[in-house]
2 protein chains.
Amino acid sequence: MTDSFRNNVINKLQNGDFDCTKEFTVSMFSGKHKLMILWILIQEGPQSFSYFMNNLKGISKKVLSNQLNELMDDHLIDKSEYMVGRVKHTQYSMSEIGNTLVPIINSLNAWGEMRLNSVDIEKKFNR
Amino acid sequence: MTDSFRNNVINKLQNGDFDCTKEFTVSMFSGKHKLMILWILIQEGPQSFSYFMNNLKGISKKVLSNQLNELMDDHLIDKSEYMVGRVKHTQYSMSEIGNTLVPIINSLNAWGEMRLNSVDIEKKFNR
DNA sequence: CTGCATCCATTTTGATACTG
DNA sequence: CAGTATCAAAATGGATGCAG
């Protein structure tokens with residue numbers, strides 16, 4: 001799409017970050033909180049920076065900022081900003097491309113549930 | 001299934017390795033070469049330790065050993081051994097549970113291909 | 001409220017020698 | 001041939017201060 005994405009992918013290719021298209025897809029999720037960020041946006045719609053800070057357990061500002069930026073570099077999420085007085089507010093949301101990932105995320109979810117149920121592990125997940 | 005798997009999962013839960021079932025599934029792939037290991041077994045059938053050494057670019061014995069062990073802990077692959085004279089040979093293969101992951105791996109593959117094609121990146125993957 | 005910069009801790013991966 | 005043990009390097013994540 002844009003040049004930024006193009007360069008991003010070309011760098012990853014050159015760095016040998018992935019050797020096949022599957023690994024490219026998985027690289028979209030590689031980051032401790034990325035799946036949860038996407039899931040929150042899918043389930044709950046657009047959210048602010050601070051919403052993620054409050055709802056992702058144990059994440060720091062730096063890491064959240066990094067992962068949001070990477071998701072934007074990969075064009076999976078969009079961002080808008082607006083000012084309230086002198087204070088900046090943000091709104092992150094799923095992009096059109098990001099939404100094409102929803103079926104995959106759902107199947108990841110289903111497989112994990114099936115597998116955990118099969119061994120009768122007591123689950124106590126937030127989401 | 002077995003207690004070893006159960007303990008494995010409980011440990012991961014306690015370590016905070018995953019907070020939702022999606023992340024549990026993704027944890028199956030978390031390891032630089034795991035997807036390729038699974039893909040090779042799916043496409044080419046059972047293979048030996050040295051086959052992976054020769055076909056996964058730049059992997060070391062320690063890392064290969066670790067990732068194979070983790071895949072076995074997760075019950076995604078099986079292993080058999082036999083002796084030729086005094087020399088041990090091995091055979092790794094997809095397990096029944098591992099095979100339930102095939103549709104997901106295929107969709108990861110398809111998404112990555114679709115995405116890379118859409119930006120017209122020149123691909124030169126081995127597999 | 002956002003989020004970058006800095007410095008530190010943890011995790012993951014890699015090189016290599018050694019054993020059965 | 002198949003691994004484990006050890007040590008080193010790199011990547012990732014976390015805590016916190018400062019700025020717009």
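Order of the sequence lines fixes the chain letters, A, B, ..., with proteins taken first and strands second; residue numbering starts at 1 for each chain. Fair warning: this is a prediction, and the values are worked out from it, not measured in the lab.
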Can you measure [X] atom [atom1] to [N] atom [atom2] for me and round it to whole angstrom units?
X	N	atom1	atom2	result
B:Phe49	C:dG20	CZ	P	18 Å
A:Met53	C:dC1	CE	C1'	11 Å
A:Lys57	D:dA15	NZ	P	13 Å
B:Asp17	D:dG13	CG	P	13 Å
B:Glu23	D:dG13	CD	P	12 Å
A:Ile59	D:dG14	CD1	P	7 Å
A:Phe18	D:dA11	CZ	P	16 Å
A:Leu64	C:dC1	CG	P	13 Å

Mind checking if [X] touches a base, just sugar-phosphate, or nothing, with heavy atoms under 4.0 Å?
X	value
B:Asn66	nothing
B:Asn69	sugar-phosphate
B:Gln67	sugar-phosphate
B:Tyr92	sugar-phosphate
B:Phe52	nothing

**Asked** If you measure from the Lys or Arg side-chain nitrogens to the Asp or Glu carboxylate oxygens, is any gap between B:Lys12 and B:Asp74 under 4.0 Å?
**Response** yes
**Prompt:** Which class fits the ring pair B:Tyr82 and B:His89: parallel under 30°, tilted 30 to 60°, perpendicular over 60°?
**Reply:** parallel
**Request:** Record whether the side chain of A:Lys32 comes under 3.5 Å of the base of D:dG13 through a donor-acceptor pair of N or O atoms.
**Result:** no
**Item:** C:dG14 base / B:Lys62 side chain donor-acceptor hit below 3.5 Å
**Value:** yes
**Fill in**
Between A:Phe49 and A:Leu64 the two heavy atoms that sit nearest each other are O-CD2, 3.5 Å
**side-chain N/O A:Ser48 vs C:dT2 OP1/OP2, d < 4.0 Å** = yes
**Item:** Under 4.0 angstrom between B:Ser50 side-chain N/O and D:dA2 OP1 or OP2
**Value:** yes
Consider the side chain of [X], meaning its heavy atoms from C-beta on, and name the nucleotide among [options] that approaches it most closely.
X	options	answer
A:His89	D:dA15, D:dA2, C:dT2	C:dT2
A:Lys88	C:dG14, D:dG14, C:dT2	C:dT2
B:Ser60	D:dG14, C:dC1, C:dG14	C:dG14

**Message:** Between B:Leu68 and A:Val63, which residue's closest nucleotide on DNA chain D lies nearer the 5′ terminus?
**Reply:** B:Leu68
**Item:** Of A:Glu70 and A:Val87, the one whose closest DNA chain D nucleotide lies more 5'
**Value:** A:Glu70
**Asked** If you draw a 6.0 Å radius around CD in B:Glu96, do more than 12 non-hydrogen atoms from other residues or ligands fall strictly inside?
**Response** no
**Message:** Within the structure provided, determine whether A:Val63 and A:Lys32 are in side-chain contact (heavy-atom separation under 4.5 Å).
**Reply:** no
**Message:** For B:Ile104 and A:Ile104: C-alpha separation, side-chain torsions, deciding distance, then whether side chain to side chain contact (heavy atoms under 4.5 Å, CB included) applies.
**Reply:** CA-CA 7 Å; B:Ile104 289 180; A:Ile104 288 181; 5.7 Å; no
